[in-house]
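The structure under discussion appears below in the form of structure tokens.
Computed from a prediction, not measured in an experiment: that's the story for all the values here.
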Amino acid sequence: MASCKSCGPGYKTPLDAMKGPREKIVYLPCIYRSTGIKKPDYLATVDVDPDSATYSQVIHRLPMPHLNDELHHSGWNTCSSCFGDHTKTRDKLILPCLISSRVYVIDVGTEPRAPRIHKVVEPEDVLKKTGLANLHTSHCLGCGEIMISSLGDACGNGKGGFVILDGKTFEVKGNWEVDGHAAPLGYDFWYQPYHNVMISTEWASPNTIRDGFKIEDVIAGRYGSKLHVWDWTKHTRIQTLDLGQEGLIPLEIRFLHNPRADQGFVGCALSSSVFRFYKTEDGKWATEKVIQVPNKKVAGWAMPEMPGLITDILISLDDRFLYFSNWLHGDIRQYDIIDTRKPKLVGQIFLGGSVLKGGPVKILEDSELKSPPEPVIVKGRQVPGGPQMIQLSLDGKRLYVSTSLYSDWDKQFYPDMVKTGAVMLQIDVDTKHGGLKLNPNYMVDFGKEPDGPVLAHEIRYPGGDCSSDIWVVETDK
């Protein structure tokens with residue numbers, strides 16, 4: 001059996017998870033902030049079952065009670081880190097808000113196809129008990145609590161700390177980190193209890209990102225370039241790894257899924273690079289750059305060189321493939337990581353982006369492509385923006401893609417997408433030899449939503465996935 005309901009949430013091992021059921025619905029936040037439409041963000045439920053009459057359609061919308069939250073990422077009340085605890089049930093989706101600092105707790109257990117709001121944690125409560133604001137990544141912990149990373153403090157300054165919610169009442173319990181140990185900047189994190197470690201990343205302060213991207217902020221050093229290593233049991237920051245100019249804006253971080261693994265990868269957006277991080281023989285942590293996407297020299301764009309802008313990164317549950325999206329260049333890449341020090345490119349697909357054939361941006365020098373990619377049209381609509389958030393099916397055979405990054409940056413880099421709405425696509429994956437192929441029968445057009453075009457972000461499966469679940473038991477060998 002792939003899972004055991006009496007054994008608690010999730011799966012015993014990552015390889016067991018790969019045998020789990022095929023996804024039939026997914027959840028993803030839809031954002032109206034910065035679009036000019038004065039409506040609240042909402043959680044969309046999308047049908048991804050090819051045998052369903054409503055395949056590739058939004059089947060339910062749950063609006064939030066406030067405006068301008070900027071829903072962004074999501075997590076669970078419990079996951080595979082609590083496997084073996086039959087008292088735990090994965091039935092609440094945790095939705096932290098990037099701008100308002102609220103946390104919405106969504107009941108997806110009562111009616112999975114029609115979620116409802118269970119509780120709202122107000123920003124005043126978060127700030128009073130933790131001093132933190134602008135919330136991002138949510139992970140469930142093996143102890144049953146919920147941990148959420150922050151970008152800043154009450155004044156919009158950088159502060160990379162962590163909020164702890166009670167796993168039953170969803171009340172704010174306080175900070176995870178020891179007082180005085182918050183990082184100067186925050187964003188994503190991943191923990192690996194076997195090695196008594198957690199590693200967090202950096203974006204920028206809320207004040208820096210709030211009104212769009214400015215190259216002056218990069219020059220002034222306001223964007224992050226560091227990984228922070230934490231003692232998992234003591235909750236203290238014990239090491240800082242500076243990636244330098246080759247590792248600007250390290251965003252999504254992933255350990256290998258094997259809970260004994262002592263290495264993983266982080267995607268650095270602005271430098272368009274991927275670093276491997278690993279444990280050294282002396283027990284410290286180190287990094288090495290293993291992938292570099294070269295900039296393109298261009299005319300007719302905001303800067304003379306265009307980075308790929310790696311904005312999401314995933315590892316398949318069997319730790320064989322690494323995937324990432326280049327939001328500006330417009331491609332998704334698949335790498336074989338059997339040799340983690342030398343990832344091998346085995347799949348690539350272009351889905352929009354800023355350097356399309358016939359577009360306003362002219363390529364002056366491109367070390368990778370002989371000619372610009374053609375625009376991609378699915379079910380009669382040209383794909384807007386570029387591939388951004390990605391989510392892999394449990395068996396690794398399907399990759400889902402959305403095109404919105406963050407409403408203020410969407411408005412700046414892809415204003416047409418803000419006007420016409422984001423989309424969600426599905427890619428078929430060759431898991432034997434590598435390779436990516438667009439499914440021409442699947443597109444969710446968020447330009448046709450009842451209240452007007454909307455921006456769609458991170459994709460989440462009801463039963464957990466490779467970016468929500470962390471394993472804390474030894475993988476069977």
Side-chain angles (χ1 to χ4, degrees), residues 73 75 77-79 81-82 94 96 98 101 103 121-207 224-243 250-255 259 262 264 266 277 279-280 282-287 470 472:
H73 285 206
N77 62 316
T78 187
C79 67
S81 63
C82 291
I94 310 301
L98 189 60
S101 305
V103 182
V121 181
E122 294 295 347
E124 294 81 7
D125 195 28
V126 174
L127 190 60
K128 179 181 178 181
K129 295 179 179 177
T130 68
L132 301 174
N134 303 93
L135 307 180
H136 189 267
T137 298
S138 172
H139 276 306
C140 42
L141 307 184
C143 64
E145 295 175 331
I146 298 156
M147 183 166 161
I148 305 173
S149 62
S150 74
L151 268 65
D153 63 14
C155 300
N157 302 308
K159 190 173 185 181
F162 304 89
V163 177
I164 291 294
L165 300 185
D166 184 277
K168 294 181 179 179
T169 66
F170 306 103
E171 294 292 326
V172 179
K173 297 184 70 173
N175 298 72
W176 175 84
E177 74 279 4
V178 170
D179 187 37
H181 279 259
L185 297 172
Y187 186 73
D188 195 22
F189 70 99
W190 197 280
Y191 61 87
Q192 197 78 323
Y194 182 81
H195 293 283
N196 189 37
V197 70
M198 186 261 284
I199 302 180
S200 63
T201 64
E202 297 184 332
W203 185 7
S205 73
N207 287 337
S225 63
K226 299 178 179 66
L227 305 183
H228 300 282
V229 183
W230 303 75
D231 185 302
W232 183 241
T233 55
K234 294 181 180 178
H235 304 188
T236 54
R237 191 155 52 98
I238 56 175
Q239 193 178 353
T240 297
L241 305 172
D242 191 345
L243 307 181
L251 294 182
E252 311 295 341
I253 187 165
R254 318 289 186 209
F255 264 93
D262 60 358
V266 60
F277 59 87
K279 191 176 184 179
T280 62
D282 63 359
K284 298 288 186 178
W285 292 82
T287 64
I470 295 176
V472 297

Criterion side-chain contact (heavy atoms from CB on, under 4.5 Å) on W285 and V197, from CA distance to verdict | CA-CA 10 Å; W285 292 82; V197 70; 3.6 Å; yes
Between H235 and F162, does a side-chain contact (heavy atoms from CB on, under 4.5 Å) hold up when you go through it step by step?
CA-CA 10 Å; H235 304 188; F162 304 89; over 6 Å; no
message: side-chain contact (heavy atoms from CB on, under 4.5 Å), that's the test. Do E171 and K129 meet it? Break it down for me.
response: CA-CA 10 Å; E171 294 292 326; K129 295 179 179 177; 4.2 Å; yes
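Ion pairing of K173 with E145 is present here, as a side-chain N (NZ or NE/NH1/NH2) and a carboxylate O approach within less than 4.0 Å. D231 and R237 are not joined by a salt bridge, as no carboxylate oxygen comes within less than 4.0 angstrom of a charged side-chain nitrogen.
When the options I164, T130, V163 are evaluated for a side chain to side chain contact (heavy atoms under 4.5 Å, CB included) with N175, the one that passes is T130.
Using cut-offs of 30° and 60° for the angle between ring planes, the Y191 and H139 rings count as perpendicular.
Residues L132 and D153 fail the side-chain proximity criterion, which asks for heavy atoms closer than 4.5 Å. No side-chain heavy atom of I238 sits less than 4.5 Å from a side-chain heavy atom of H228. Under the 4.5 Å side-chain criterion, counting only non-hydrogen atoms from C-beta, V229 is not in contact with F277. In this structure, K279 and H195 have side chains that are in contact, with non-hydrogen atoms separated by less than 4.5 Å. Counting heavy atoms from C-beta outward, W203 and L185 have side chains that stay 4.5 Å or more apart. With a 4.5 Å cut-off on side-chain heavy atoms, F170 and V103 do not count as touching. Using a 4.5 Å heavy-atom cutoff, the side chains of I470 and F255 are not in contact. Contact check for K159 versus P184: no side-chain heavy atoms found under the 4.5 Å cut-off.
Annotation: ring-ring contact (aromatic ring centres under 6.0 Å, His included) contacts of H73 (sequence neighbours excluded): H136, H457. Remark: C79 pairs with C140 by the disulfide (SG to SG under 2.5 Å) rule, at least two apart or across chains.
Checked by atom type, the side-chain pair D188/T201 shows no donor-acceptor distance below 3.5 Å. In the model, N207 has no side-chain atom that pairs as donor or acceptor with a side-chain atom of S205 under 3.5 Å.
When all heavy atoms of P96 and L135 are compared, the closest pair comes out as CB-CB, 3.7 Å. Closest approach of C82 and G142 over heavy atoms only: SG-O, 3.6 Å. Shown here for I146 and G167, the closest heavy-atom pair between the two residues is CD1-CA, 4.3 Å.
Considering CG of D242 and OG of S225, their distance stands at 4.0 Å, rounded to 0.5 Å. Atoms CG and OH, on L151 and Y187 in that order, are 8.0 Å from each other to the nearest 0.5 Å. Note: L251 CG to T137 OG1 = 9.5 Å, rounded to the nearest 0.5 Å. Atom CH2 of residue W230 and atom CD of residue Q239 lie 13.0 Å apart, to the nearest 0.5 angstrom. Rounding to the nearest 0.5 angstrom, the gap separating the OG atom in S150 from the CZ atom in F189 is 10.5 Å. For the atom pair H181 NE2 and K234 NZ, the distance stands at 10.5 Å (nearest 0.5 Å).
A donor-acceptor contact shorter than 3.5 Å links the side chain of S101 to the backbone of N134. Of the possible polar contacts, none joining the E177 side chain to the G161 backbone as a donor-acceptor pair under 3.5 Å is found.
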